[in-house]
Participant: 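Below is a structure I'd like to ask you about.
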Amino acid sequence: MQKYTFPKDFIWGVATAAYQIEGAHNVDGKGENIWDRFTSIPGNIYKNHNGNVACNHYNLYEKDIEIMEELGIKNYRLSISWARIFPKGYGEINQKGLDYYKRLINTLISKGIKPAVTLYHWDLPQHLQDMGGWANRKVIDYFVEYAELMFKEFGDVVPIWITHNEPWVVSILGHAWGVHAPGIKDYKTALQVAHNILLSHGKVVKLYRSMNLKGKIGITLNLSSTHPLTDDEKDVRAAEVYDGFLNRWFLDAVLKGTYPEDMVKLYREQNILPEYTDEDMSIISEKIDFLGINYYTRSVLKYDENAYPLKASLVDLENPKTDMGWEIYPQGLYELLTNIHHNYGGVDILITENGAAFNDIVNYKGKVVDDYRIDYLYRHLREAHRAISEGVNLRGYYLWSFLDNFEWAEGYAKRFGIVFVDYKTQQRIVKESAYWYSNVIKNNSLCE
Ligand SMILES: N=[N+]=NCCCCNC(=O)[C@@H]1[C@H]2[C@H](O)[C@@H](O)[C@H](O)[C@@H](CO)[C@@H]12
């Protein structure tokens with residue numbers, strides 16, 4: 001039987017995000033955030049679901065951490081809800097919000113579970129959106145103020161920090177396509193938002209360095225290997241442009257301090273190029289300790305004369321898919337890891353999210369036998385192992401997600417968890433994939 005052993009100190013973890021699991025949306029002084037607002041507007045979310053209760057993790061976190069402990073999970077990526085700390089986004093601190101995260105983080109550490117904290121996982125305080133949100137450069141300063149307080153409070157006990165989760169999704173889904181909060185549909189705004197988020201990232205990295213903290217800090221990007229539908233030069237160019245739009249715009253800025261020339265030219269021609277300075281780019285590319293990658297699927301592109309602004313359209317192939325409709329394409333993870341290793345100087349990498357939504361059911365024995373999810377995870381971890389064996393500095397893997405949770409525009413219709421959540425009773429059921437993952441962690445290896 002083939003066994004794939006990972007490096008001795010490889011980080012095996014699970015991941016969640018505040019708005020998706022906490023609930024308690026207006027409890028203990030928490031301010032309104034843009035997802036509280038966006039989900040309150042009928043039509044935005046599947047069946048008008050919202051995160052008001054979610055997995056009630058705000059009240060059930062001790063029970064959830066017990067499950068992690070039972071499974072032998074030693075690393076947990078969580079996010080902090082900015083509006084719990086600063087209800088207005090800046091200024092007055094909400095002590096009860098701060099106390100919640102102190103309890104949560106201290107409980108994790110007392111159980112030997114290392115926290116990796118994401119400072120921003122999409123839940124901007126609404127008060128800041130009311131002044132323009134991330135399109136307003138002033139919000140950058142407020143983000144630095146929030147980060148400074150988090151570093152002061154938790155900098156000595158949190159070993160891994162992620163400034164932002166997926167600036168591309170915040171920018172494009174939230175400000176160009178309008179399918180995420182705050183529901184804006186304007187590419188020029190979207191690209192300015194992306195730039196300001198990246199600038200806030202760089203400023204916070206510099207702040208972290210100035211505080212002489214002993215942990216590691218990075219950023220998480222959602223990346224996808226891109227493929228042309230055919231070898232026709234128009235399709236090949238479409239894939240290159242989409243690669244620039246999704247991947248290289250962010251990778252080059254953070255790791256090289258420049259925006260890719262081909263995309264700068266395209267955005268300038270389309271009059272959607274953001275305003276930025278050389279100084280901005282120098283700050284954005286402040287050296288990070290690791291690059292976080294969220295990988296779910298590849299992207300297949302074809303030339304499309306009518307597709308604004310890229311003249312490239314995603315193609316939906318008839319291949320095996322997850323419940324999100326995303327093609328299951330494990331080799332795309334290998335392609336991505338090796339490309340980044342070779343093109344971006346061998347930067348240390350953490351897979352900060354990988355996982356799959358499937359239509360889980362509880363069987364007559366009260367179990368969730370999610371072999372399809374085990375298959376997805378196995379295949380992707382095999383590709384990760386292949387990349388490591390070829391020299392890629394992959395240091396860890398955080399499975400998305402620990403719990404079934406609020407899947408943004410899809411509400412509770414999509415289940416990504418390795419722990420099933422019955423939203424009517426808040427009962428947790430550990431899925432078979434969790435037991436499988438527990439074994440992978442214990443053995444630090446994959447067995448065929
Ligand atoms: N249209 N469209 N979309 C194209 C690709 C979107 C990529 N979505 C992600 O990566 C999100 C990431 C997020 O951090 C987490 O909060 C989400 O729950 C997971 C699952 O969705 C993933």
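Just the heavy atoms: all of them, side chains too, but no hydrogens, waters or symmetry mates, feed the values below. For ligands, and for the atoms within them, numbers begin at 1 and follow the listed sequence.
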Participant: Give the residue and atom name of whichever protein heavy atom lies nearest to atom 9 (C) of ligand 1, and the separation in Å to one decimal.
Facilitator: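 Of the protein heavy atoms, E166 OE1, 3.3 Å lies nearest.
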
Participant: Please state which part of W326 comes within less than 4.0 Å of ligand 1, counting heavy atoms only: side chain, backbone, both or neither.
Facilitator: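 Side chain only; the backbone of W326 stays clear of ligand 1.
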
Participant: Between W168 and W177, what is the ring plane arrangement, given parallel below 30°, perpendicular above 60°, and tilted in between?
Facilitator: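 Aromatic pair W168/W177 classed perpendicular.
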
Participant: Less than 4.0 Å between a side-chain N and a carboxylate O, is that true for R428 and D422?
Facilitator: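 Not counted as a salt bridge, because no side-chain N and carboxylate O are separated by less than 4.0 Å.
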
Participant: Would you tell me which option among W408, Y296, F416 has the nearest heavy-atom contact to atom 19 (C) of ligand 1?
Facilitator: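 Minimum heavy-atom distance to atom 19 (C) of ligand 1 goes to Y296.
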
Participant: Using the six-membered ring wherever Trp is involved, compare the ring planes of W134 and F143 and label them parallel, tilted or perpendicular (cut-offs 30° and 60°).
Facilitator: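 Ring orientation of W134 relative to F143: perpendicular.
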
Participant: Please state which protein non-hydrogen atom is closest to atom 4 (C) of ligand 1 and give its distance, to 0.1 Å?
Facilitator: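 Of every protein heavy atom, W168 CZ3, 4.2 Å lies nearest to atom 4 (C) of ligand 1.
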
Participant: Would you mind checking which non-hydrogen protein atom is closest to atom 18 (O) of ligand 1, with the distance to 0.1 Å?
Facilitator: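 Heavy-atom neighbour on the protein nearest atom 18 (O) of ligand 1: E407 OE1, 2.7 Å.
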
Participant: Below 4.0 angstrom, N of the basic side chain to O of the carboxylate: do D360 and R415 qualify?
Facilitator: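 Here D360 does not pair with R415 in a salt bridge, since their nearest N and O are not under 4.0 Å apart.
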
Participant: For ligand 1, is any non-hydrogen atom under 4.0 Å from K414's backbone (N, CA, C, O), its side chain (CB onward), both, or neither?
Facilitator: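 The answer is neither; K414 stays 4.0 Å or more away.
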
Participant: When the ring planes of Y423 and Y412 are compared, do they come out parallel, tilted or perpendicular, using 30° and 60° as the limits?
Facilitator: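 The arrangement is tilted - the two ring planes meet at 30° to 60°.
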
Participant: Donor-acceptor pair, N52 side chain versus H25 backbone, under 3.5 Å?
Facilitator: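 Side chain of N52 to backbone of H25, a donor-acceptor pair under 3.5 Å: no, none is there.
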
Participant: At a 4.0 Å threshold, what atoms of ligand 1 neighbour a non-hydrogen atom of N294?
Facilitator: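 Answer for ligand 1: 14 (O).
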
Participant: Is the ring centre of Y259 less than 6.0 Å from the ring centre of W249?
Facilitator: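 Yes, the ring centres sit under 6.0 Å apart.
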
Participant: Please report whether ligand 1 has a polar contact with N405, defined as an N or O pair separated by less than 3.5 Å (distance criterion only).
Facilitator: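 No, no N or O pair falls under 3.5 Å.
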
Participant: Parallel, tilted or perpendicular for Y90 and H127, by the 30°/60° rule?
Facilitator: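 Answer is tilted, since the angle falls between 30° and 60°.
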
Participant: Who's the nearest protein heavy-atom neighbour of atom 14 (O) of ligand 1, and how far?
Facilitator: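 Of every protein heavy atom, E353 OE2, 2.7 Å lies nearest to atom 14 (O) of ligand 1.
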
Participant: Listed by chain and number, what are the ring pair (Phe, Tyr, Trp, His ring centres under 6.0 Å) partners of Y100, not counting sequence neighbours?
Facilitator: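 Per chain and number, Y100 pairs via ring pair (Phe, Tyr, Trp, His ring centres under 6.0 Å) with Y58, Y61.
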
Participant: With heavy atoms only and a cut-off of under 4.0 Å, state how N165 meets ligand 1: side chain, backbone, both or neither.
Facilitator: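 Contact part for N165 vs ligand 1: side chain (C-beta onward).
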
Participant: Between the candidates V169, I172, L173, which shows the shortest non-hydrogen contact distance to atom 3 (N) of ligand 1?
Facilitator: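 Result: the heavy atom closest to atom 3 (N) of ligand 1 is in L173.
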
Participant: Can you sort out which atoms of ligand 1 are near Q20, meaning under 4.0 Å from one of its heavy atoms?
Facilitator: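 Answer for ligand 1: 15 (C), 16 (O), 18 (O).
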
Participant: Suppose we measure from atom 1 (N) of ligand 1 to each protein heavy atom; which comes out shortest, and what is that distance?
Facilitator: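 It is W177 CZ3, 3.9 Å.
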
Participant: Is H121 in contact with ligand 1, taking contact as a heavy-atom separation below 4.0 Å?
Facilitator: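 It does, in that a heavy atom of H121 comes within the 4.0 Å cut-off of ligand 1.
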
